[in-house]
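What follows is one structure encoded as structure tokens, with my remarks underneath.
Since the model is a prediction, treat every value here as computed from it, not as a measurement. Proteins come first, then strands; the chains are lettered A, B, ... in the order of their sequence lines, and each starts at number 1.
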4 protein chains.
Amino acid sequence: MLGNKQENVKERIIDASIKLFLAKGFAGATTKELTDAAGVAKGTLYWYFSGKDQILDEILEKFSHELYDQAFEKVKNTDGNFVARFKALYRFITEFAREKKELLLVSTTVLGEIAGTGSSAEQKIRGIQMKAHDFIKALLDVGQKEGTVRRELDTNIQAHIILASLVGMHLEWCLHGDSIDAVAYARAYRDHILRGLGIQE
Amino acid sequence: MLGNKQENVKERIIDASIKLFLAKGFAGATTKELTDAAGVAKGTLYWYFSGKDQILDEILEKFSHELYDQAFEKVKNTDGNFVARFKALYRFITEFAREKKELLLVSTTVLGEIAGTGSSAEQKIRGIQMKAHDFIKALLDVGQKEGTVRRELDTNIQAHIILASLVGMHLEWCLHGDSIDAVAYARAYRDHILRGLGIQE
Amino acid sequence: MLGNKQENVKERIIDASIKLFLAKGFAGATTKELTDAAGVAKGTLYWYFSGKDQILDEILEKFSHELYDQAFEKVKNTDGNFVARFKALYRFITEFAREKKELLLVSTTVLGEIAGTGSSAEQKIRGIQMKAHDFIKALLDVGQKEGTVRRELDTNIQAHIILASLVGMHLEWCLHGDSIDAVAYARAYRDHILRGLGIQE
Amino acid sequence: MLGNKQENVKERIIDASIKLFLAKGFAGATTKELTDAAGVAKGTLYWYFSGKDQILDEILEKFSHELYDQAFEKVKNTDGNFVARFKALYRFITEFAREKKELLLVSTTVLGEIAGTGSSAEQKIRGIQMKAHDFIKALLDVGQKEGTVRRELDTNIQAHIILASLVGMHLEWCLHGDSIDAVAYARAYRDHILRGLGIQE
DNA sequence: GATGAATGAGCATTCATTCAT
DNA sequence: TATGAATGAATGCTCATTCAT
């Protein structure tokens, strides 16, 4: 089908862009590199996207949908107390990180580059972060009610801390990815956060 | 003295660069903007620096020296157990963050942009992170020996986690700086990490 | 009939092109705009025309035929002296300008854009102008013989002047079309030219 | 002096642009051709101008000042009746056309190309034309009061006609410049207009 | 030391044209 | 006939860097 082929080209451009934005930054990756890597002509980029900006936008959209939306869905369908739900969330994110490492990393690393530019990508990232923050805060609130999460903690701040920890962890993976045992690291990180919330296993 | 004036110009360029790299990213800030903000002519930049790259190098050098070297010095001169020493470290970093917010942030945010480029700035950042990691690991090792830090934790991984948390925290400040009570947030973050290490206050 | 439909498509492309060349100039109007306005796909343009250039060629052809050829025919069939024939010519042009304003204007306005390019369109415009010049000169020569047009005037130059006046008038309509009473203006212009030829009404 | 050299470069770019806009149209002349013809690098254009548009703006500014402002000044300082003043105006324009042929022509030929674009150049052209129209109308009004210009003519329309005639004459020069005896043509044109105003020599 | 005019490689983007369907 | 995805040369423009003054 035509539809398949078309989507294929668009997908190839996005995939190439994810890899190149990660390796060279958003500003550092040129459209020529993008299209060369995708195996299409320069002009083809502009048939599928309005410009470089929109590629980043679609990457973030994809990230938001594939990671957070699905993660939240997963957690909603998980029974048990806060610990079980947080572990489910963490497991999903860790698995995602293994399969779609670059998609996760590019969303994190581009963040510093575009923060403060007022671009539509920045709006989108802020939106994603806000949604994630609110979701985690709601999770923590339930955790406090059921007595799993320490009562005296400010769930708003703790949600910020958890998100910041995740972002920091992703950046570490980006910088030291090869020299780290990702599975052990992720588990240690998860337990660190749980202890930080006053939860002893 | 001439010497003073020279240093003054160089310092002005660095200060302007810190602000602009933070606001627009490294690639996004142009040399014209840098020199305009510093109040010098375009050519002057090349009297003091070999190019844009070297400005970033010197910023990272400055960051490494002013934050980590001094922080480590401070901690070395602090008596008491791990908790006291970690709090001293954390206090220094927090105070630094208040006084030289941009210097701290630019070092963090530029990170994602240049990771994977193989530039000299990337080497420098990796070096700084490694030094910081080793220092914190050593701190944790001592903490384990004195019984403050949980024995079963892998201090190598925990050092990574602590560093990642700091980086994540700085990025949060960068993105949501205005809507966050920095002092309360920093204290909560510190205690979160301590609990993550198995330390109950 | 298929034949009808084909002509219809071609006609639609030409009509859309006339409007767009007028609004945006020849170089300023893109093939996408042309085909969008005509309601056909981009590729279709190349079934009916060899390229953008040929559209302009056909517009000029159409213009040459519909305006000048018919105007000359009309004048040839008009009895009476020079004044009657000139008025007939002028009336035809004015009526044409009312009905097919854009066709007339595009032929005039594109002129400046393509003059000196050596394109086939330029050849065609020169040819049209030359034909018009010769026709008007012949008209003036007869006028002189019958004693209507002043004897001492150089009919070659006067023909140039009349043509230049027509072109200038059309450009004025293009620039100030809305703020001008076209009928009064055209009549005043006609009488101005007649007086310029030494003819008092 | 530096000032001289700088002005020289800017002047060279403007002169080259006038020639190229005339030969290839505004859209048809590329920045590379402009800078090659001026003997400077591509980037230099952007040191002196904000872009191609601004070159056209400055050309029109120059045209407005050098032709109309000075022509109007000349006419104001001319004694005698309308005929004397109109001849002075015409003489100035004709002399200008001989010395700065291209500047005059480019202002006329670009007109059709940019009409309707809403560009700043279009605003400027309209402004120039309006100023010229008002000036000529005022001249005609005085001519009517002193009894030189026919009373029953609408000076507003006659001013339009005179301007349109001038524009048409310039375009003729552009198209048939080489095959026309400019001096004889200009004089014939002038007398044609005067007769059109009801003035017999 | 300091300037800023000048450079030109490189950038994102446009668009007339082609061609498989 | 008609389509529209794909092309790539060409465009206007940017910007790190150089260098004569």
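Not one N or O on the side chain of Ser50(A) forms a donor-acceptor pair closer than 3.5 Å with the backbone of Tyr46(A). In this structure a side-chain-to-backbone donor-acceptor pair under 3.5 Å is missing from Gln129(D) to Ile125(D).
Of all the residues in residues 51-63 of chain C, Gly51(C), Lys52(C) reach under 4.0 Å from DNA chain E with at least one non-hydrogen atom. If you check residues 39-46 of chain B against DNA chain F, the residues with a heavy atom closer than 4.0 Å are Lys42(B), Tyr46(B), listed by number. Of the residues in residues 24-33 of chain C, Ala29(C), Thr30(C), Thr31(C) come within less than 4.0 Å of DNA chain E through at least one heavy atom, sorted by number.
Taking atom CG on Asn8(C) and atom C1' on dA2(F), their separation rounds to 14 Å, with Å as the unit. Rounded to whole Å, atom C1' of dA2(E) lies 16 Å from atom NZ of Lys10(B). If you take CZ of Phe49(C) and C1' of dA2(F), they are 15 Å apart, rounded to a whole angstrom. Remark: P of dC15(F) and CG of Asp36(B) are 12 Å apart, rounded to the nearest angstrom. We find that OH of Tyr48(C) is positioned 18 Å from P of dT17(E), with the value rounded to whole Å. One atom, CH2 of Trp47(C), and another, P of dC19(E), lie 14 Å apart when rounded to the nearest Å.
Stacking of Lys10(A) on the aromatic ring of Phe49(A) is recorded, both the 6.0 Å distance cut-off and the 45° axial limit being met.
Scored by the side-chain contact (heavy atoms from CB on, under 4.5 Å) test, Thr35(A) finds Val40(A), Lys42(A), Leu45(A) as partners (sequence neighbours excluded). By the side-chain hydrogen bond (donor to acceptor under 3.5 Å, both in side chains) test, Glu66(C) is found to be paired with Lys100(C), residues two or more places apart in sequence or in another chain being considered. Shown here are the salt bridge (charged side-chain N to carboxylate O under 4.0 Å, His left out) partners of Asp53(D), two or more places apart in sequence or in another chain: there are none. With sequence neighbours excluded, the residues satisfying side-chain contact (heavy atoms from CB on, under 4.5 Å) with Glu61(B) are Lys124(B). Listed by chain and number, the residues in a side-chain contact (heavy atoms from CB on, under 4.5 Å) with Ser64(A) are Asp69(A), Ile128(A), Lys131(A) (sequence neighbours excluded). Scanning for side-chain contact (heavy atoms from CB on, under 4.5 Å) contacts around Thr108(A) gives Val167(A), His170(A), Leu171(A), with sequence neighbours left out.
In this structure, CD in Gln54(A) is found 11.0 Å from CD1 in Ile59(A), a value given to the nearest 0.5 Å. Between the CG atom of Leu20(B) and the CD1 atom of Ile13(B) there is a distance of 12.0 Å, given to the nearest 0.5 Å.
Listed by first and then second residue, the salt bridge (Lys or Arg N to Asp or Glu O under 4.0 Å) pairs that reach into residues 110-122 of chain A are Glu122(A)-Arg126(A), sequence neighbours excluded.
Counting only Watson-Crick or G-U wobble pairs whose defining distances are both under 3.5 Å, the stems of 3 or more consecutive pairs in DNA chain F are E:2-21 with F:2-21.
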Run the side-chain donor-acceptor check on residues 21-31 of chain A: report pairs under 3.5 Å with partners two or more places apart or on a different chain.
residue	atom	partner	partner atom	Å
Lys24(A)	NZ	Glu33(A)	OE2	2.9
Thr30(A)	OG1	Glu33(A)	N	3.1
Thr30(A)	OG1	Glu33(A)	OE1	3.4

